[in-house]
Amino acid sequence: MGIYVRTKEISNGRLSLYLDFYPPVKGSNGKFTRREFLDRYLFKRPKNEEEKRFNKENKHFADAVKLKREKEIFNEQDGIFNSLNKKKDFIDFFYNLTEDRRASKGNHDNWLSSLNYLKAFTGNRCKMGDLTEDFCTRFKEYLLTTKQLKTINDLHLSQNSALSYFNKFSAAVKKAFAMRLLSEDPLLNIDGIKQKESIREFLTIEELQILANTDCAIDAWKKVALFAALTGLRWSDIEKLKWKDIQETNGQHFLHIIQKKTTDTMVHPISDKAVSILGTRGESNEKIFKGLKYSDSNNEVIKRWVLKAGINKRITLHNFRHTYATLMLNMGADIFTVSKMLGHKKIETTLRYSKLLTEKKIVASNLINIEI
């Protein structure tokens, strides 16, 4: 490793001072460079004592910067923080982490949203050196109080969305600290955002029956929704289903799938009713639900179908999975079985559905009966 003080001739008989690195080093923009200009110059031919003194002072300055850079580089090689990292672009670092998650659309979209809120908060300018405890606290408060980006509605960002975006920001900061791009962890003394208990809408068995008897503008989405309510599958798993994934053993149908979200292999028993929704069986490698893309516009189709059925609830496709879980528990299935059927890795995830057991709560409320 070598660092040399060099000069380059510029206008008016002056020489610009710069450091020449060999091999190249990473600059503050993350790109490799051979040169660091020092914004100082020398007189090529000093004419008087003042210009000679000027040259001497600037040579001393260049030598001091050279020694400082050598120390920083050797410290970094020894696992000690390099202060040059403070100038590196955190926005660019965050963006690269976001792109690493492009294979998972939902996760990538959440990271991208978090990055967009950080850009809005900072005016798209944030260096590693800006990441102090105070900065992180202010960004947390910003997420809890700001309005939604890119929406025609004047709505505030929900607490759970703020939680998700702050978690992504925190993960990026922790990654930077682990890579020794930060001298200390600015999040060490900062509490995360607490999750707010959200209302998980679901349909009763009677409402589900009404929907089954109600026409939908796009019949394929009606089939998908009812299939989700009868199997508990996520859209990401329904979308990729092929006919070969449905197998029958001793009169019982099973799905053999690899869950997209968890990558776990799942053997999932399903009812004859669920199979009948799918219609005539196709070729083994043929997709069951062909040509469907999940989007906000298709959620609107489902919402209009629900309203047409006279059901005054805010229902999206994912709520049919909630319906499956809640009805299973209401009808007596034990929570461990339901957890396995939903493909949850943790029982705590399934326990959230136990708060929706309206019918059991009603029965329980009438168990104690006295004459008054």
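What you see is a predicted model; the values in this text were computed from it and never measured.
- The shortest side-chain heavy-atom distance between C136 and L187 falls under the 4.5 Å cut-off.
- A heavy-atom distance below 4.5 Å is not found between the side chains of I218 and K222.
- Counting only heavy atoms from C-beta outward, the side chains of T137 and K140 never approach each other to under 4.5 Å.
- The pair K287-E239 meets the salt-bridge criterion, since a charged nitrogen lies less than 4.0 angstrom from a carboxylate oxygen.
- Judged by distance alone, the side chain of R101 and the main-chain N or O of L97 form a donor-acceptor pair under 3.5 Å.
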>> Go through it in stages, so that I can follow the logic: the residues are F94 and F169, the test is side chain to side chain contact (heavy atoms under 4.5 Å, CB included), and I'd like the CA-CA distance, side-chain angles, deciding distance and then a yes or no.
In response: CA-CA 8 Å; F94 200 144; F169 165 78; 4.2 Å; yes
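- Of all heavy-atom pairs between V306 and L211, the closest is CA-CD2, 3.9 Å.
- Ring to ring, Y95 and F90 are not that close: their centroids are 6.0 angstrom or more apart.
- L241 has its side chain out of reach of I246: every pair of non-hydrogen atoms, C-beta onward, lies at least 4.5 Å apart.
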>> For R102 and E99: C-alpha separation, side-chain torsions, deciding distance, then whether salt bridge (charged side-chain N to carboxylate O under 4.0 Å, His left out) applies.
In response: CA-CA 5 Å; R102 186 166 281 280; E99 290 305 286; 3.0 Å; yes
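- Here the NZ-CD1 distance, from K240 to I238, works out to 11.5 Å after rounding to the nearest 0.5 Å.
- Of all heavy-atom pairs spanning E51 and P46, the tightest one is OE1-CA, 3.4 Å.
- Of the inter-residue distances, the one linking S16 atom OG with R6 atom CZ reads 14.0 Å to the nearest 0.5 angstrom.
- Taking 4.5 Å as the limit, some side-chain heavy atom of D63 sits within range of a side-chain heavy atom of V5.
- If you run ring pair (Phe, Tyr, Trp, His ring centres under 6.0 Å) between W221 and each of W305, F320, W235, only W235 comes through.
- Once rounded to the nearest 0.5 Å, the distance linking NZ of K66 with CG of L19 reads 8.5 Å.
- Side-chain atoms of K44 never come within 3.5 Å of backbone atoms of I10 as a donor-acceptor pair (strictly under, hydrogens ignored).
- Between the D130 side chain and the K127 main chain, a donor and an acceptor come within less than 3.5 Å of each other.
- Of the possible donor and acceptor atoms, one in the side chain of Y117 sits under 3.5 Å from a partner among the backbone N and O of L149.
- Scanning all heavy atoms of the two residues, the minimum distance from P186 to T132 falls at CB-C, 3.6 Å.
- A donor atom on one side chain and an acceptor atom on the other are not found under 3.5 Å apart for K168 and N110.
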>> For a side chain to side chain contact (heavy atoms under 4.5 Å, CB included) check, start with the C-alpha distance between L233 and L255, then their side-chain angles and the critical distance, and finish with the verdict.
In response: CA-CA 10 Å; L233 291 184; L255 292 177; 3.4 Å; yes
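- For an aromatic pair to be called close, the ring centres must be under 6.0 Å apart, and Y165 with W111 fails this.
- Between L327 and L203, the shortest heavy-atom distance links the atoms CD2-O, 3.8 Å.
- For D89 against C126, the heavy-atom pair with the smallest separation is OD1-O, 3.3 Å.
- Under the 3.5 Å distance criterion, the side-chain polar atoms of H253 are left unmatched by any main-chain donor or acceptor of P269.
- Using a 4.0 Å cut-off between charged nitrogen and carboxylate oxygen, R34 and D20 count as a salt-bridge pair.
- One finds a salt bridge joining D134 and R138 here, because a Lys/Arg side-chain nitrogen approaches an Asp/Glu carboxylate oxygen to under 4.0 Å.
- Summarising the local packing, CD of E248 is surrounded by more than 12 heavy atoms from other residues, nucleotides or ligands at distances under 6.0 Å.
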> Going through the checks in order, is the side chain to side chain contact (heavy atoms under 4.5 Å, CB included) test met by Y41 and L15?
Replying inline: CA-CA 5 Å; Y41 67 89; L15 301 170; 5.9 Å; no
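- Looking at F254 and H268, their side chains never come closer than 4.5 Å, going by heavy atoms from C-beta outward.
- With salt bridges taken as basic N to acidic carboxylate O contacts below 4.0 Å, one links K303 and E300.
- Ion pairing of K313 with E207 is present here, as a side-chain N (NZ or NE/NH1/NH2) and a carboxylate O approach within less than 4.0 Å.
- Between E36 and R69 there is a salt bridge, since at least one side-chain N of the basic residue sits less than 4.0 Å from a carboxylate O of the acidic one.
- Around atom CG of N312, no more than 12 heavy atoms belonging to other residues, nucleotides or ligands sit under 6.0 Å away.
- R281 approaches W243 most closely through the heavy-atom pair NH2-O, 2.6 Å.
- Between F121 and F135, the distance separating the two ring centers is shorter than 6.0 angstrom.
- The distance from atom CD1 of I315 to atom CG of L307, rounded to the nearest 0.5 Å, is 10.0 Å.
- Here the side chain of D245 pairs a donor or acceptor atom with the backbone of K242 at under 3.5 angstrom.
- Geometrically, R40 engages F61 in a cation-pi contact defined by less than 6.0 Å to the ring centre and at most 45° from the axis.
- Between the side chains of N319 and T316, at least one donor-acceptor pair of N or O atoms lies under 3.5 Å.
- Between the side chains of R14 and S11, at least one donor N or O lies within less than 3.5 Å of an accepting N or O.
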> Given the rule in the side chain to side chain contact (heavy atoms under 4.5 Å, CB included) test, do R125 and I91 qualify, once you have shown the distances and angles that lead to the verdict?
Replying inline: CA-CA 7 Å; R125 290 186 300 274; I91 296 286; over 6 Å; no
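- A distance of 7.0 Å separates CD1 of I311 from OG1 of T214, quoted to the nearest 0.5 Å.
- Side-chain atoms of T326 come within 3.5 Å of backbone N or O of H322 as a donor-acceptor pair.
- In summary, K290 and E286 engage in a salt bridge, as defined by a charged side-chain N under 4.0 Å from a carboxylate O.
- Between atom CG of residue L17 and atom CG of residue D39 there is a gap of 10.5 Å, rounded to the nearest 0.5 Å.
- Using modelled atom types, no side-chain atom of Q252 and backbone atom of D272 make a donor-acceptor pair closer than 3.5 Å.
- Of the possible polar contacts, none joining the S164 side chain to the S161 backbone as a donor-acceptor pair under 3.5 Å is found.
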